[in-house]
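Worksheet: one structure, shown below.
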Number of protein chains: 2
Amino acid sequence: MPAQSTRDLIVEQADALFYESGFEATSFADVAAAVGISRGNFYHHFKTKDDILDAVIARRTERTRAMLDGWQAEGDGPRERILSFIHMLIANRTQIMDFGCPVGTLCSELAKLDHAAQGRATEILGLFRDWLTEQMRALGAVDRPETLALHLLSWSQGVAVMATAFKDEAFIRNEVAGIEHWLASLPDLSQST
Amino acid sequence: MPAQSTRDLIVEQADALFYESGFEATSFADVAAAVGISRGNFYHHFKTKDDILDAVIARRTERTRAMLDGWQAEGDGPRERILSFIHMLIANRTQIMDFGCPVGTLCSELAKLDHAAQGRATEILGLFRDWLTEQMRALGAVDRPETLALHLLSWSQGVAVMATAFKDEAFIRNEVAGIEHWLASLPDLSQST
DNA sequence: ACAGAATTAGGACATTCGTCCTAATTCTCA
DNA sequence: TGAGAATTAGGACGAATGTCCTAATTCTGT
């Protein structure tokens, strides 16, 4: 069993570079140099740059799903699961202050490029939306769980954008505290068996 | 008196293209074609692409300041002024769903490019922050007006990102209603003479 | 060991990029 | 009107882009 195939290495490095420099600003040569292979070797694995983008989005989709499944399996209640989501802002604060949210910034860039993969990128955001909706529903008889989920997702996206612009870690912690307070204010009407 | 100088035309078209396609994805040729002049003519007005970016940021800074000054001069109270800010999300909803917030997306892109103009772009957000802080202060004896200002700015940025990703106008209106409700919940302790 | 497949390196390709030069044209104003 | 400045068009320049080809190398299974 190979530790990691060349293809996986390419996708991994492209993922990081697309995040840190943006899709448009990252060239074939950049990814090749990061992986340590020749440019020509690329064509054997990916025919076009868009193919790499598709693979990167697929990788992010898988990893997001795995992360959400992991939180789901941890056995805590929905409130603790939502906190896991929120605390990503703290855990990834350094990267967020440098490059923003990987998903949000990719969606924004692809929207401007009018890129065909925009919908697939948005689907990652949709995973979070659906998962959060499920948690909100599990929290009890809230009438519009998806509205709450979208609000929380939107909140975190705003924090990411602002943190990137102002490079302000205190702001992140402040907003996270605000989110926690908001979450605590939601009535828990769930019934434990 | 010329209706509009060529230089101003260039900056105006570059502004729109940077917004709609992003800075990196917009080329000299794109702007020249939009203005209707030759590529060579560019160098007479702007030596480098970064010079155009600086001019675009300066233009946006001026226009933002003018807009904020305009709201300030309308004679309404701070609550109505803040509503003017919030309602930008509704007024510009079509463009926001297509291209996001002009300021937020530019800051995010320049952060990824590690561009020297990043700080100047962030200053535009700073104008909003400072203006909103002033309105929050005018609203009364709130202990941390800047915290509230940053929160509101962050809120609107999140709405813009989500609206771009999901192309959901109902979400925008929902969140705007939420912001209005939040604003109404802030105690007005200002003293009218 | 060896044939065939998979992978790799290196470079060619047309195009586009930002930049810059030069010559022609237009404008300005004494 | 005419000289000098400002503006414009057109294209050259090297570098970089995404794409693609070919030949060498490595791997795989028998």
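A note on names: the letters A, B, ... follow the listed sequences, proteins ahead of strands, and every chain is numbered from 1.
By the 4.5 Å heavy-atom criterion applied to side chains, Met162(B) and Asp168(B) are not counted as neighbours.
Atom CZ in Arg7(A) sits about 14 Å away from atom C1' in dT7(C), given to the nearest Å. As rounded to whole Å, 14 Å separates atom P of dA15(D) from atom CZ of Arg39(A). Regarding Ile10(B), its CD1 atom lies at a distance of 10 Å from the P atom of dA9(D), rounded to whole Å. Going from atom CD1 of Ile37(A) over to atom P of dA6(C) covers 18 Å, rounded to whole Å. Atom pair Asp8(A):CG and dT7(C):P shows a separation of 12 Å (rounding to whole Å applied). Summarising the geometry, the separation between NE2 on His115(B) and C1' on dG18(C) is reported as 13 Å, rounded to the nearest angstrom. Rounded to whole angstrom, the span from the CZ atom of Phe28(B) across to the P atom of dG14(D) amounts to 19 Å. With rounding to whole Å, Asp30(B) atom CG is found 14 Å from dT15(C) atom C1'.
Cation-pi contact between Lys49(B) and Phe23(B): present, with separation from the ring centre below 6.0 Å and deviation from the ring axis of at most 45°.
In this model, the phosphate group of dC20(D) is not approached by any side-chain N or O of His44(A) to a distance below 4.0 Å at OP1 or OP2. In terms of phosphate contacts, Asn41(A) brings a side-chain nitrogen or oxygen within less than 4.0 Å of OP1 or OP2 of dA9(C). The shortest distance between the side-chain N/O atoms of Thr6(A) and the OP1/OP2 oxygens of dT8(C) is below 4.0 Å.
In the set dT19(D), dT19(C), dT8(D), the nucleotide with an atom closest to the side chain of Lys49(A) is dT19(D). Here the side chain of Ser38(A) is nearest to one of dG11(D), dT8(D), dA9(C), namely dA9(C). Distance from the side chain of Ser27(B) is smallest for dC17(C) among the nucleotides dG18(D), dC17(C), dT8(C). Proximity note for Tyr43(B) (side chain, C-beta onward) versus dC20(C), dA9(D), dT8(C): the nearest is dC20(C). Listed nucleotides: dA9(D), dC17(C), dT17(D). Nearest to the side chain of Ala29(B): dC17(C).
The CD1 atom of Ile82(A) sits 5.5 Å away from the CG atom of Leu139(A) when rounded to the nearest 0.5 Å.
Using cut-offs of 30° and 60° on the angle between ring planes, the pair Tyr19(A) and Phe99(A) is perpendicular.
A salt bridge is defined here as a Lys NZ or Arg NE, NH1 or NH2 lying under 4.0 Å from an Asp or Glu carboxylate O, and Arg59(A) with Asp15(A) meets this definition.
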